[in-house]
Amino acid sequence: MGYEHRDIERKWREEWRKRGTYRVANDTSKPKYYVLDMFPYPSGAGLHVGHPLGYIASDIVARYKRNKGFNVLHPMGYDSFGLPAEQYAIQTGQHPAKTTEVNIARYREQLDNIGFSFDWDREVRTSNADFYKWTQWIFLQLFDSWYDHAEDKARPISELTERFAKHGWSGDDACAITGNEELDPLAEFSHSDWATFSEKHQQQILLRFRLAYLSEAWVNWCPALGTVLANDEVKDGVSERGGHPVERKRMPQWSMRITAYAQRLLDGLNDLDWSESIKEAQRNWIGRSEGALIRFQLKDHQEKIEVFTTRPDTIFGVSFVTLAPEHELIERITPPEKLEEVRAYVTQAKNRSERERMTEVKRVSGVFTGAYVKHPFTHMDIPVWVGDYVLGGYGTGAVMAVPGGDQRDWNFATHFNIPFTAVTEHWDISKGADESKEATLANSVFLNGMKVADAIPRAIDELELHGVGERRINFRLRDAAFGRQRYWGEPIPIYYKDGIPYPLPESELPLVLPEVDKFLPTEDGEPPLARATDWTYLGHPLETTTMPGWAGSSWYFLRYMDPKSDERFATPEAINYWQQVDLYVGGSEHATGHLLYFRFWTKFLHDRGWINFDEPAKKLVNQGMIQGRSAKVFALLVGLEQTSSSPSPQAEAESALLSAPILVSAEFQELLVKGTEQSAKALKGIEEAAQQHAARVFESKGISGYQLYAFDDPRTVLRRVYIPISAMVEDGAVVDLEKLRGTSSEFDNALFFRGGEHFMAEREVDKMSKRWMNVVNPDDIVAKYGADTLRLYEMFLGPLEQSKPWDTNGIEGTSRFLKKFWNLFHEEGRGGRGSDGGEGRFSVSDEAPTKAELKVLHATLKKVEEDIEKMSFNTSVSQFMIACNALQELKCNKRAVLEPLTIALAPFAPHIAEELWSLLGHAESVTGAKWPQWDAQYLVEDSFSYPISFNGKTRLQLEFPIGLSKEEVEAQVLANPEVQSRLEGKPPKKVIVVPKRIVNIVV
RNA sequence: GCCCGGGUGGUGAAAUGGUAUACACGAGGGACUUAAAAUCCCUUGGUCCGUAAGGGCCGUGCGGGUUCAAGUCCCGCCCCGGGCACCA
């Protein structure tokens, strides 16, 4: 039998499914290994060749670990709630569950084609009620918790109630944190006050402490769409979709108090085996900064303005204070005569999205409020400004501006001519701010002559002494918005009584998504769930927002441990056994979203005693992106000129021309750059052809009275048009016109103008996406070359973490390798050893292998094992090729060599390995085979061929036995006639002998 | 601007401070074949000398340095990719 990948792969796919080959054993006596892929969102587009990259890598590790004797958990599931399915539902009326179902079926088929060893018995879907029951349950636990900074963990809310009943709340208890203090700070109360508070009042207070809480939060609200928009969905104050006005306003929003965990999320990173770039991204996102909180007393008012600064040492350089446009005090402190001007500025500044305010660094804007504060040490008057370079959401929403020490403050001061002084020695403030941390302070009273590093603690000490400020650690991280005005997500298990949110009892879970007539917000702007006919609990209205996409993905790894459990999200036995994910593989785009929430929920569940570890994944690997190569042709857009007094309607003529465009080959892309002789010449040629083309088109459609503009008219433009990459000849720039004509009628009718033999397109590396028409489907590759070839090829392409454009240029190499490997097991003949995949008969010999053969085998086993451990799969594939070539050379068909090699190849190319394994006479799957251990004794060399170099440049090779001492090697090298002739009789300055490496002679 | 990667043949890429370019693609040549496909063999960084065998010089983005020896380590730049960003 020749190597027929189609038959073999089909056979084993069915066989694995039938036998349940990859089902996880319930044998907890074996050591465990948990390999997890970030689960996909099943979009309608299906998989492209970029998706399986990470799955193949993790599959290799999972299979390898099985052979190594581990009980391996390698599951797959779907993140099946999400916005695209809902938008499709809005357009078509089809229920998102239905859409999701169809998409999942397609994903499953595609995944199966590639031969992954997932345990499908453990498949999860976040949109299944028996899964989201537990997402809701975890939400209730979060709702039922507060964070105790003294013990540094989350605790049940009942313990907080007890504490209030005993001690009340003293405002500065460092043991709990609150939200939205700037709107309405929580006043202190005694234990007897607490007893007199109404139920409603008590609940309102508790809500300040819950880890899942409802509060007034700033959002981009779009009344026309009835929804909150993300920063990047807002452009210039209007929605990107539809261009409706968007306003920044405060709305009741569910949030997660992830900020309580900021320090732990930061500290935890140190012990994780994650890539440095992801860890760094998370550190930046959490953004810890140490500094001081300083209070500035307002003149003529009771209030103080609080600012956060990392440079309290520059306190004597404060020349003004800037408030964010959102700042609560602005209205109150602005004198009446200034109010109109300030309000106008605030309205305008507030409605620019945060993204815009952050992007347009250069545009300085602001307004003087007319108010003043007192300097805490000098008691001088300091003006208070409003500026949009200060963000409402960071720190206290106010800064002390030190133009001498901060460039942004310097820009602001310079723009508005606010006077200021230098705060550091030898600095020319007319050029900019001195932000150096090495500087020495000046003009700063008790800080004069001190270095920045020493001045900071000294300044804070003084502030504390005077009671005007204190040491403060600030985080950039903000609480996470948790409510969405959408249908296709987990319902939030909350009902409202007297306007207060109460948790649904656990027995009511799952709270199943209701049926609605439309998946749109109601007419009065309520979320879609408000359309349900009876969305209540015991007569109380239920929460109508749903959870965001990241809810389910924040804990799904736990469900795989015990996916069918009814009593718990996973039973303690399962959790105890499987513990953390040993290897998590996924894209780096989740660095600050999913991967942070994932860690947050894990830490929370740990705090409340549900799991006994507080990081979800020990090791994380990011696969690189497989980019596509898009193809573009150039369309010449020429206007129409009337040639008769009674022409056909112009719209008809225009549309006729649009359906038969004029396309020019890529070498003409400079065509419309006027003035060059070539372009003028080419233009003439094209113009002639185009006029004839247009005339033909018009004639065939019965349109009269038009011709094209002259081409040198400035209104003529060349525009890039994406074409499907399926219309390209191989990976080059040549367009297969026949194929392109087949893809759509406009190409069928188009005029293709080319300069040479071929019509050329412009190729570019882009993200692989439907939009650029450059998606390469794994199914096509599998059909042509087989799954094993695809798997090997994707691994062979280069290091896993590196992004690279997809091209099939090298795929023949891996395909050839598999054929050669197959032929090692088959007799010579029409298709046997050293031949193609024709008729050779299976034949392996039981003879004892030679030393050379064993050396090839063990060198390969060693290299492959080491490479899998460090996830360097491209080099392990090379090693297999080297081994295969060597064995072919040695004409080796010995079982003792081929059998271990088959086991080692199985993780990479499971189908062919399984077939060969069965041909070798094994009834069981190769999955259960014991990984062959390499043995150093077969790798021992008797001699080593030393490169002999002179001053580091290799000149010749000399072979010496391994056992020879350094001195003997040196003596023999120097005795060598060729070495002697190179030395020209002069004695060498120095001779370096590195055993089994090199000899270097210095002359 | 800051942080993290990276820069090596025509291409994808290898290389614990120790023979730079493994492996593969492509290209060129050859064998088998009526032919093609498939398969196998040889050549393939640049350049110079030589009829040849062979040999010289230059070569890992650029400029320095450390070292017997640097793609690899150090300093200073340039470029590409990714992330973050008026963060006080």
Side-chain angles (χ1 to χ4, degrees), chain A residues 2 275-281 283-285 287-289 291 307-312 314 322 324 354 357-364 387-391 393-402 405-409 411-412 435 474-476 588-589 591-592 622 624-625 627 731 765 793 796-799 801-805 807-814 816-817 819-820 823 830-831 833-838 872 874-882 885 888 945-957 988-994 996-1003:
Chain A
S275 77
E276 209 39 57
S277 63
I278 292 276
K279 292 209 260 188
E280 207 47 40
R283 284 189 192 110
N284 290 338
W285 191 260
R288 180 192 149 106
S289 50
V307 305
F308 173 74
T309 178
T310 53
R311 294 290 304 277
T314 62
T322 318
E354 217 165 90
R357 277 163 60 182
M358 293 187 295
T359 323
E360 292 168 38
V361 184
K362 305 263 145 44
R363 213 166 92 187
V364 177
D388 70 356
Y389 76 101
V390 179
L391 296 178
Y394 181 78
T396 59
V399 301
M400 61 175 218
V402 184
D406 184 291
Q407 193 55 45
R408 288 156 303 161
D409 296 340
N411 292 345
F412 196 86
E435 294 185 318
N474 205 48
F475 292 95
R476 193 181 87 95
S588 54
E589 67 272 22
T592 48
N622 299 120
M625 203 172 36
Q627 294 141 330
D731 290 299
V765 172
Y793 181 59
F796 190 57
L797 226 38
E801 311 205 9
Q802 206 165 296
S803 290
K804 52 226 146 200
D807 69 66
T808 50
N809 281 340
I811 201 163
E812 294 289 345
T814 47
R816 261 173 227 159
F817 157 71
K819 277 183 214 160
K820 283 194 223 170
N823 288 342
R830 217 171 72 71
R833 274 182 281 281
S835 166
D836 70 350
S872 170
N874 54 330
T875 49
S876 33
V877 175
S878 301
Q879 182 60 40
F880 279 119
M881 289 172 169
I882 293 168
N885 291 342
Q888 185 177 287
S945 176
Y946 280 91
I948 313 298
S949 57
F950 292 77
N951 293 334
K953 292 184 189 203
T954 308
R955 282 295 115 100
L956 65 145
Q957 301 269 330
K989 253 196 204 153
K990 198 172 173 187
V991 179
I992 289 122
V993 178
V994 185
K996 288 213 284 182
R997 284 231 188 277
I998 204 167
V999 176
N1000 192 18
I1001 300 166
V1002 187
V1003 291

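Since this is a predicted model, take the numbers as computed values, not measurements. Just the heavy atoms: all of them, side chains too, but no hydrogens, waters or symmetry mates, feed the values below. Convention: sequence-line order gives letters A, B, ...; per-chain numbering from 1.
Straight-line distance from the NZ atom of A:K804 to the C1' atom of B:C80: 17 Å, rounded to whole Å.
A donor N or O paired with an acceptor N or O is not found under 3.5 Å between the base of B:C25 and the side-chain atoms of A:N809.
B:C62 and B:G7 have their P atoms separated by 13 Å, with the value rounded to a whole Å. Spacing between B:C80 and B:C87 at atom P, rounded to whole Å, works out to 25 Å. Nucleotides B:G65 and B:G29 are separated by 47 Å at their C1' atoms, to the nearest Å.
Within the model, atoms OG1 of A:T309 and CE of A:M400 stand 4.0 Å from one another, a figure rounded to the nearest 0.5 Å.
Residue-level contact check: A:T954 touches the backbone only, with heavy atoms under 4.0 Å from sugar-phosphate atoms and none from bases. Among the atoms of the strands shown, none is found under 4.0 Å from any heavy atom of A:Q407. Among the protein residues, A:V1002 comes within range of the sugar-phosphate backbone only, with heavy atoms under 4.0 Å from sugar or phosphate atoms but none that close to a base. The residue A:N874 sits close only to the backbone: its heavy atoms come under 4.0 Å of sugar-phosphate atoms, none of a base. At a threshold of 4.0 angstrom between heavy atoms, the contacts of A:R288 with the nucleic acid are absent. Contacts of A:N474 with the nucleic acid, taken as non-hydrogen atoms under 4.0 Å apart, are absent.
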Tabulated below should be each protein N or O lying under 3.5 Å from an N or O of nucleotides 58-62 of chain B; please produce it.
residue, atom, partner, partner atom, Å
B:C58, OP2, A:K953, NZ, 3.2

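For the 3.5 Å distance criterion, the side chains of A:N885 and A:K820 qualify, holding a donor opposite an acceptor.
Listed by chain and residue number, nothing satisfies the salt bridge (charged side-chain N to carboxylate O under 4.0 Å, His left out) test with A:R476 (two or more places apart in sequence, or in another chain). Applying the side-chain contact (heavy atoms from CB on, under 4.5 Å) rule to A:T875 yields the partners A:K863, A:D867, A:S872; only residues at least two apart in sequence or on another chain are considered.
Each of A:Q879 and A:P799 was assigned the nucleotide of RNA chain B with the nearest heavy atom; the assignment lying further toward the 5' end belongs to A:P799.
Nearest to the side chain of A:A281, among B:G18, B:G83, B:A13, sits B:G83.
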